Amino acid sequence: MNNLLQKAYDPDLFRKEGHELVEQLATYLENSINGTTKKVIDWKQPDDLYDQWKDYLQKDVSSQQFFSDLIDQSIQLHNPRYMGHQVAVPLPVTALASMVGALLNNGMAIYEMGPVASVLEKWIVSHFAELIGNKDGDGFLTSGGTLATLTALLSARQAILKNDVWENGMEGRLAIMVSEQAHYSVDKAARIMGLGARGIIKIPVDAAYKMQTDQLEPLFQKAENDGLKVIAVVANGCSTSTGTYDDLNAISKFCDSKNIWFHLDAAHGGGAIYSPKYKNLLNDIEKADSVIIDLHKMLMGPALSTLVLFKNSDDSYKTFSQKAQYLWENEQDKEWYNYAKRTLECTKLMMSVRFYAIIQAYGTEIFNEYVTRQYDLAREFAGMIEDHRDFELAAQPMSNIVCFRFDPKNELDLNKLNNRIRKKSLEKGEFYIVQTELNGDTFLRVTLMNPFTETTHLQLLLKELIDIADSIE
Ligand SMILES: *Cc1c(COP(=O)(O)O)cnc(C)c1O
């Protein structure tokens, strides 16, 4: 055998480097959780960082050194001062499960390519169907919320229209109705489906950033008058920018009355289903024809895996009805165990293993503990902002997302000021927060993802923002 290949697959080398790496990662975890690492993000301009890593290959370093440099220069999500985007702070057990999945690399397109991971996937789907209160629910895991949204909307199109679009192609002009606060992936999915900008009907939101459901009827009428065929309404549970849950009951009733599809985007907020305290935010979730939940956001798994759950099992098979003779024998057969019949992917990650590993180790109570804690903390932070003279809250948080801005009351251009504050804070790197635009205004935004973030960190954040503002003025 070729020497290089021999070395690269050497079990003893793997054992040695693997142990070293686990040591390194455990140290990373320790220092991050304790907050001993000062920086959450070591900000560098993209071109500078590129130059550095481009030249890195010229250096003769061990893989241990490489991993060490990689860890040091990456964003440290496990640091309690990480409050940025909605990315899970992964549980260590999911990293172990990912490693197993990466080495076993069972393909998952059909049962015989990944038998165990396939049945674990079925277990996960049934588990959520039951949680949601929809025992006949069915679905699968797919690579992220964006793909999950596209898949669900393609299913909506197959289910709602008399014309079999998959077979005959599009006829007429289709449209979907979405909250103007919907994630941009909904827009993307609609455009991929050929709906164009005209086919994306934005429903305005109220002062709390909730969809104004009384606007559904008039905008639906207008769309029909314009010659559009509306196939679905997309609800937020919750929205990305402000973390707002829409009124699912009203949306579901409207969809029923028009015989159109009710899709719930619970990519971020679906985890609330585990929290007795907050699951009421998802009341009527069982009425949605399709729901998506990212396991890599509020369910503490690593990127990327998303649950797509259908109310009717049949709908989950309609989307990509396709002949692939070498993979399965009969296109008409519902073969739950051949997942590629229902997903866009052919080869797919062994996603189920990571989520199952969490439940295997800790049960489902860990999700309640986590979600409830983070949602509580957001409410507490909102209170701190309201009590503070120099800060303004955008809206009462419904989830663990809080939008606010610095407002010293004597500043004319608050957008510019808050933009600069956020940029400085990024460059400083001691906290990681993001920003968003609401009704044309810039707001600072935190998503309290980290289970080690405490009130003290939030007090320090406000202090840091004031210090930055002082340094600017
Ligand atoms: C994150 C998010 C998405 C997109 O999911 P990805 O997994 O990032 O592709 C869609 N909708 C909402 C509400 C989200 O928060």
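This is a predicted model, so every value here is computed, not measured. The residues of the chain are indexed from 1 along the displayed sequence. Counting starts at 1 for both ligands and their atoms, in listed order.
- Looking at Asp294 against ligand 1, only its side chain comes within 4.0 Å, counting heavy atoms.
- When side chains are defined from C-beta on, Phe262 does not count as touching Val233, because their heavy atoms never get closer than 4.5 Å.
- Salt-bridge annotation for Glu464 and Arg81: absent, with no side-chain N of the basic residue lying under 4.0 Å from a carboxylate O of the acidic one.
- Per-residue contacts place Cys238 under 4.0 angstrom from the following atoms of ligand 1 (heavy atoms of the residue considered): 13 (C).
- Close N/O approach between Gly144 and ligand 1 is not found [any backbone or side-chain N/O within under 3.5 Å].
- Short contacts between ligand 1 and Ala267, defined as distances under 4.0 Å to a heavy atom of the residue, involve ligand atoms 2 (C), 3 (C), 10 (C), 11 (N), 12 (C), 14 (C).
- Within 6.0 Å of NZ on Lys253 lie no more than 12 heavy atoms contributed by other residues, nucleotides or ligands.
- Each of Leu77, Asn79, Val446, Val40 was checked for a side chain to side chain contact (heavy atoms under 4.5 Å, CB included) with Tyr432, and the lone residue meeting it is Val40.
- Contact of the Met211 side chain with the Leu216 side chain is registered, since non-hydrogen atoms from C-beta on lie closer than 4.5 Å.
- No N or O atom of Thr149 sits closer than 3.5 Å to an N or O atom of ligand 1.
- Those atoms of ligand 1 with a heavy atom of Ser185 less than 4.0 angstrom away are 10 (C).
- Remark: Arg373 does not engage Glu369 in a salt bridge, criterion side-chain N to carboxylate O under 4.0 Å.
- Backbone and side-chain nitrogen or oxygen atoms of Gln86 are examined, and one is located within less than 3.5 angstrom of a nitrogen or oxygen of ligand 1.
- Comment: Asp376 engages Lys277 in a salt bridge, judged by a side-chain N to carboxylate O separation of less than 4.0 angstrom.
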Can Arg342 and Asp138 be said to form a salt bridge (charged side-chain N to carboxylate O under 4.0 Å, His left out), step by step? CA-CA 11 Å; Arg342 293 188 280 172; Asp138 199 356; 3.2 Å; yes
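- Each of the following atoms of ligand 1 lies closer than 4.0 Å to a heavy atom of Thr240: 12 (C), 13 (C), 14 (C), 15 (O).
- Taking distance alone, with nitrogen or oxygen atoms compared against 3.5 Å, Asp265 approaches ligand 1 more closely than that limit.
- Here the protein heavy atom with the shortest distance to atom 6 (P) of ligand 1 is Gly145 N, 3.3 Å.
- With respect to atom 14 (C) of ligand 1, the closest heavy atom belonging to the protein is Lys297 NZ, 3.0 Å.
- Given atom 4 (C) of ligand 1, the protein heavy atom at minimum distance is His183 CE1, 3.4 Å.
- For ligand 1, the atoms sitting less than 4.0 Å from at least one non-hydrogen atom of His268 are 15 (O), numbered in the order shown with element in parentheses.
- Atom numbering of ligand 1 starts at 1 in the shown order; those under 4.0 Å from a heavy atom of His296 are 7 (O).
- Between Ile200 and Arg191, some side-chain heavy-atom pair lies under the 4.5 Å cut-off.
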